[in-house]
Amino acid sequence: EAQVTQNPRYLITVTGKKLTVTCSQNMNHEYMSWYRQDPGLGLRQIYYSMNVEVTDKGDVPEGYKVSRKEKRNFPLILESPSPNQTSLYFCASSLGGRSYNEQFFGPGTRLTVL
Amino acid sequence: TQLLEQSPQFLSIQEGENLTVYCNSSSVFSSLQWYRQEPGEGPVLLVTVVTGGEVKKLKRLTFQFGDARKDSSLHITAAQPGDTGLYLCAGGSNDYKLSFGAGTTVTVRA
């Protein structure tokens with residue numbers, strides 16, 4: 001089954017404790033991205049990757065890191081999480097990355113930073 | 001400031017009624033997508049429109065892209081409880097950038 005998987009689905013942590021949210025897709029997509037979803041603000045892009053070893057900042061990259069060492073994986077790293085990073089996070093992938101391409105979203109990771 | 005404004009923010013209707021959700025911007029978009037998101041899941045693409053004035057139909061859903069490519073609407077005819085969800089519009093402002101609206105939460109009561 002073609003899908004984007006994220007782990008963990010739920011995470012409660014404390015300020016300053018480094019964490020990684022994993023994302024993997026099995027569709028051989030070149031383009032992957034991370035979004036955060038907050039009430040009233042919609043989906044905002046954090047980082048995106050056009051291909052292996054190619055990453056770039058989205059609209060709200062502060063406090064986040066990413067890496068793209070393999071085509072299928074695109075982990076999101078929070079080196080020192082803060083309460084304002086409490087949010088619902090989505091990983092997405094698409095075949096070409098153009099804005100008219102269909103984006104396939106993972107099920108989401110709900111993060112709470114205390 | 002949201003690049004794409006969706007209205008209404010919330011919509012609750014009875015099964016069988018019609019509804020329309022709007023997506024507006026002051027910017028011109030090269031493409032416009034509509035996604036539906038159900039609780040506990042990621043958004044799923046419903047449609048992509050790329051031509052000003054374009055109308056697409058998907059069963060009971062009708063999507064329209066404004067002539068000036070700054071706005072779009074989603075109309076659902078004879079809504080069913082299965083149509084309940086968060087509807088998101090997303091505009092492509094260049095080849096690779098996609099901006100999402102805040103969404104419209106639709107509840108269809110049986």
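Letters go in sequence order (proteins before strands), and every chain restarts at 1. Reckoned from all heavy atoms, side chains included, excluding hydrogens, waters and symmetry mates.
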Asks: Among B:P43, B:G103, B:A90, B:S99, which has the most heavy-atom pairs under 4.5 Å with chain A?
Replies: B:P43
Asks: Let me know if A:E102 has heavy atoms under 4.5 Å from chain B in its side chain, its backbone, both or neither.
Replies: both
Asks: Go through the steps to decide whether A:W34 and A:V66 satisfy the test side chain to side chain contact (heavy atoms under 4.5 Å, CB included), and finish with yes or no.
Replies: CA-CA 9 Å; A:W34 276 102; A:V66 293; 4.1 Å; yes
Asks: For the side chain of A:T20 and the backbone of A:I77, is there at least one donor-acceptor N/O pair under 3.5 Å apart?
Replies: no
Asks: Please assess A:N28 against A:K71 for the test side chain to side chain contact (heavy atoms under 4.5 Å, CB included), listing each intermediate value before the final yes or no.
Replies: CA-CA 7 Å; A:N28 202 35; A:K71 197 171 188 178; 3.3 Å; yes
Asks: Can you tell whether the side chains of A:E53 and A:K69 come within less than 4.0 Å, N to carboxylate O?
Replies: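 No, A:E53 and A:K69 are not salt-bridged.
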Asks: Ring centroid separation for B:F100 and B:Y35, is it under 6.0 angstrom?
Replies: yes
Asks: Quick check: do A:M50 and A:E30 have side-chain heavy atoms less than 4.5 Å from each other?
Replies: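 Not touching, per the 4.5 Å side-chain cut-off.
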Asks: Would A:M32 and A:C23 count as a side chain to side chain contact (heavy atoms under 4.5 Å, CB included) if you check the C-alpha gap in whole Å, the side-chain angles of each, and the deciding distance to 0.1 Å?
Replies: CA-CA 9 Å; A:M32 297 184 75; A:C23 172; 3.5 Å; yes
Asks: Heavy-atom distances under 4.5 Å only: say whether A:D38 touches chain B with side chain, backbone, both or neither.
Replies: neither
Asks: Could you tell me which residues in residues 1-12 of chain A have at least one non-hydrogen atom under 4.5 Å from a non-hydrogen atom of chain B, sorted by residue number?
Replies: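 Heavy-atom contacts from residues 1-12 of chain A to chain B are A:R9.
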Asks: For B:Q33, is it the side chain, the backbone, both, or neither that has a heavy atom closer than 4.5 Å to a heavy atom of chain A?
Replies: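 Contact with chain A involves the side chain of B:Q33 alone.
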Asks: Under 3.5 Å, is there a donor-acceptor pair between the side chain of A:Q85 and the main chain of A:G63?
Replies: yes
Asks: Within the supplied structure, the quantity of interest is the number of heavy atoms (other residues, nucleotides, ligands) at a distance under 6.0 Å from A:K17 NZ; does it exceed 12?
Replies: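 Incorrect, the count does not exceed 12.
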Asks: Would you call A:F104 and B:L45 a side-chain contact if the rule is heavy atoms closer than 4.5 Å?
Replies: no
Asks: Quick check on B:Q37 against chain A: is it the side chain, the backbone, both or neither that has a heavy atom closer than 4.5 Å?
Replies: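 Only the side chain of B:Q37 comes within 4.5 Å of chain A.
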Asks: Taking C-beta and beyond as the side chain, do A:Y64 and A:L78 meet within less than 4.5 Å on heavy atoms?
Replies: yes
Asks: Residue by residue, scan residues 105-114 of chain A and write down, ordered by number, those that have a heavy-atom distance under 4.5 Å to chain B; if none do, write 'none'.
Replies: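 Those residues of residues 105-114 of chain A which have a heavy atom under 4.5 Å from chain B are A:F105, A:G106, A:P107.
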Asks: Would you mind checking which part of B:L86 comes under 4.5 Å of any heavy atom in chain A, side chain (CB onward), backbone (N, CA, C, O), both or neither?
Replies: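 For B:L86, side-chain heavy atoms alone lie under 4.5 Å from chain A.
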Asks: Please check if B:Y22 and B:L32 belong to a single hydrophobic cluster, counting links between Ile, Leu, Val, Met, Phe, Trp and Tyr side chain heavy atoms closer than 4.5 Å.
Replies: no
Asks: Say whether B:R109 and B:S12, considering side chains only, have a donor N or O and an acceptor N or O under 3.5 Å apart.
Replies: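 Looking only at side-chain atoms, B:S12 and B:R109 do form a donor-acceptor pair, the distance falling under 3.5 Å.
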Asks: Does any heavy atom of chain B fall under 4.5 Å from the side chain of A:Y31, the backbone, both, or neither of them?
Replies: side chain
